[in-house]
Number of protein chains: 2
Amino acid sequence: MILTRAEELCRERGVQFTALRREVLEAVAASEPPPGAYDIAERLSRPGRRVAPVSVYRALDFLMELGLVHRIASRNAFVPCAHAHGIGENVVFLICRTCGGIDETTSPEVESGLGKTLKRAGFTPAHSILEVEGDCGACRDKARGAG
Amino acid sequence: MILTRAEELCRERGVQFTALRREVLEAVAASEPPPGAYDIAERLSRPGRRVAPVSVYRALDFLMELGLVHRIASRNAFVPCAHAHGIGENVVFLICRTCGGIDETTSPEVESGLGKTLKRAGFTPAHSILEVEGDCGACRDKARGAG
DNA sequence: CAGGGAGTGATACACTGTAACAAAGCCGCC
DNA sequence: GGCGGCTTTGTTACAGTGTATCACTCCCTG
Ligand SMILES: [Zn+2]
Ligand SMILES: [Zn+2]
Ligand SMILES: [Zn+2]
Ligand SMILES: [Zn+2]
């Protein structure tokens, strides 16, 4: 459970896992497809309690700092980290254009290949994003069954 | 020269390489660091002739369709294509966080590695973006000289 | 209680991108 | 040349995304 991981991580680092941060993380984890910041703000707001987007952004920054949430640059959306991997580790985001779902995987092959390419180009990497848009297995099977 | 390539490409496809499209392409090619759409609009505007951002977006869409311009998702910026490569071909963008310059390269290693990873994940790709942020060789050398 | 730091609320604003419709230019056809 | 249809551009308005700033609360410490 990502909430448990969040609690542990915050305890380790001596930072606060506040109610708002928890709620934002829950919203990111529960929303399908991956929500934008404004979607989260709307989801957390009710009559009598408005959560402003700016508060959501702050919570998201916090969660991204801890590696609990990733930002999908090509969608302006946020996904919960599925892997508990180290910060800065290269991940591949698989964005299904049919169901809108976003999966996350790692790729040693890409990592080593990219390392060679960067070395060849004389470029020192700090971090990178790799986002692939296409069709996930489930949607492809569905289409095949229907077609 | 990218303008020559643009003219040929438009002639081949029977589409118009209008004055505005040419100016937008020139602006993208001449601006350093890579400009946003609003930067381009401002650059092309003068007293007596205002180029609205929406016109720039349309020209950029056109140029991207032809593969003459790329959009950098992590920066909301646009760069001229440096390679005349096929549309959909995987490229790697090298974004220098010091000088802001964005270089473009291809990587067969990444391509094949990514292919394996996607197959393993059962994901059918349509297109992908790979953007690496770090320090370019020139800036690293400069820092070394100064440090 | 005074002081300080972290977190949140609230407002305003800047930046990025799109929708809708009108006006202008181009082009083939009569 | 004039007409009709298409593409391109202008104009306005708007939606969506993200940040700056300041005030307020809460909690901890001395
Ligand atoms: Zn992750
Ligand atoms: Zn899918
Ligand atoms: Zn290119
Ligand atoms: Zn540089």
Side-chain angles (χ1 to χ4, degrees), chain A residues 6-7 9-11 13-25 27-28 31 33-66 68-79 100 129 131, chain B residues 6-7 9-11 13-25 27-28 31 33-66 68-79 100 129 131:
Chain A
E7 286 168 5
L9 216 52
C10 289
R11 200 166 27 235
R13 305 208 184 185
V15 294
Q16 305 176 36
F17 190 51
T18 65
L20 179 65
R21 289 167 179 172
R22 168 186 294 269
E23 289 172 68
V24 169
L25 180 55
V28 170
S31 299
Y38 279 66
D39 297 326
I40 299 169
E42 191 177 351
R43 185 184 179 111
L44 296 185
S45 294
R46 316 145 153 263
R49 185 213 180 194
R50 172 181 127 89
V51 176
V54 61
S55 298
V56 174
Y57 277 111
R58 282 191 289 232
L60 287 171
D61 286 343
F62 174 88
L63 295 169
M64 284 191 289
E65 195 80 21
L66 265 58
L68 292 164
V69 165
H70 300 301
R71 180 179 139 78
I72 307 298
S74 61
R75 294 286 179 109
N76 298 321
F78 299 86
V79 294
I129 64 173
E131 304 177 5
Chain B
E7 286 167 4
L9 217 51
C10 288
R11 201 164 29 235
R13 306 208 182 184
V15 295
Q16 305 176 34
F17 190 51
T18 65
L20 179 64
R21 289 168 180 172
R22 167 186 296 270
E23 289 172 68
V24 169
L25 180 55
V28 170
S31 300
Y38 279 66
D39 298 326
I40 300 169
E42 191 177 352
R43 185 184 179 113
L44 296 185
S45 294
R46 316 145 153 262
R49 185 213 181 194
R50 172 182 128 88
V51 176
V54 61
S55 298
V56 175
Y57 277 111
R58 284 191 288 231
L60 288 171
D61 286 342
F62 174 87
L63 295 168
M64 284 192 286
E65 194 80 20
L66 265 60
L68 291 164
V69 165
H70 300 301
R71 179 178 140 78
I72 308 298
S74 62
R75 293 287 178 109
N76 298 322
F78 299 86
V79 294
I129 63 172
E131 303 177 6

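Treat the numbers as computed from the prediction; the structure is a model and nothing was measured. What's counted below: heavy atoms across the whole structure, side chains too, no hydrogens, waters or symmetry copies. Order of the sequence lines fixes the chain letters, A, B, ..., with proteins taken first and strands second; residue numbering starts at 1 for each chain.
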What string of B, S and - do you get for nucleotides 25-30 of chain D, 5' to 3', if B is base contact, S is sugar-phosphate-only contact and - is no contact with any protein heavy atom under 4.0 Å? ------
Nucleotide by nucleotide, nucleotides 7-12 of chain C touches protein heavy atoms under 4.0 Å in the pattern (B base, S sugar-phosphate only, - none) SBBBB-
Under the side chain to side chain donor-acceptor pair (under 3.5 Å) rule, what pairs show up with a residue in residues 40-51 of chain B, not counting sequence neighbours? E23(B)-R49(B), S31(B)-R43(B)
Interatomic distance, [X] [atom1] vs [N] [atom2] [rounded to whole Å]:
X	N	atom1	atom2	value
L60(A)	dT17(D)	CG	C1'	12 Å
E65(B)	dT8(D)	CD	C1'	16 Å
D61(A)	dA20(D)	CG	C1'	14 Å

Name every residue in residues 35-44 of chain B that has at least one heavy atom under 4.0 Å from any atom of DNA chain C, in order of residue number, or write none if there are no such residues. Y38(B)
Look up atom [atom1] in [X] and atom [atom2] in [Y], then write down how far apart they are to the nearest 0.5 Å.
X	Y	atom1	atom2	answer
H70(B)	I129(B)	NE2	CD1	12.5 Å
I72(A)	E131(A)	CD1	CD	5.0 Å
L9(B)	L66(B)	CG	CG	4.5 Å
L68(B)	F78(B)	CG	CZ	14.0 Å

Report the residues that fulfil salt bridge (charged side-chain N to carboxylate O under 4.0 Å, His left out) with R22(B), sequence neighbours left out, ordered by chain and then residue number. E7(B)
Contacts of type salt bridge (charged side-chain N to carboxylate O under 4.0 Å, His left out), residue R75(B), not counting sequence neighbours: E133(B)
Do the side-chain N or O atoms of N76(A) get closer than 4.0 angstrom to the phosphate oxygens (OP1, OP2) of dG16(D)? no
Decide yes or no on side-chain contact (heavy atoms from CB on, under 4.5 Å) for R71(B) and V79(B), but give the supporting numbers first. CA-CA 6 Å; R71(B) 179 178 140 78; V79(B) 294; over 6 Å; no
Contact class for R71(B) vs. all strands (heavy atom < 4.0 Å): base, sugar-phosphate, or nothing? sugar-phosphate
Worked verdict on D61(A) versus E65(A) for side-chain contact (heavy atoms from CB on, under 4.5 Å): CA-CA 6 Å; D61(A) 286 343; E65(A) 195 80 21; 6.0 Å; no
Counting N and O atoms only, with roles assigned by atom type, does the side chain of D39(A) sit under 3.5 Å from a partner on the main chain of G36(A), one being a donor and the other an acceptor? yes
Is any side-chain heavy atom of V51(B) less than 4.5 Å from a side-chain heavy atom of V24(B)? no
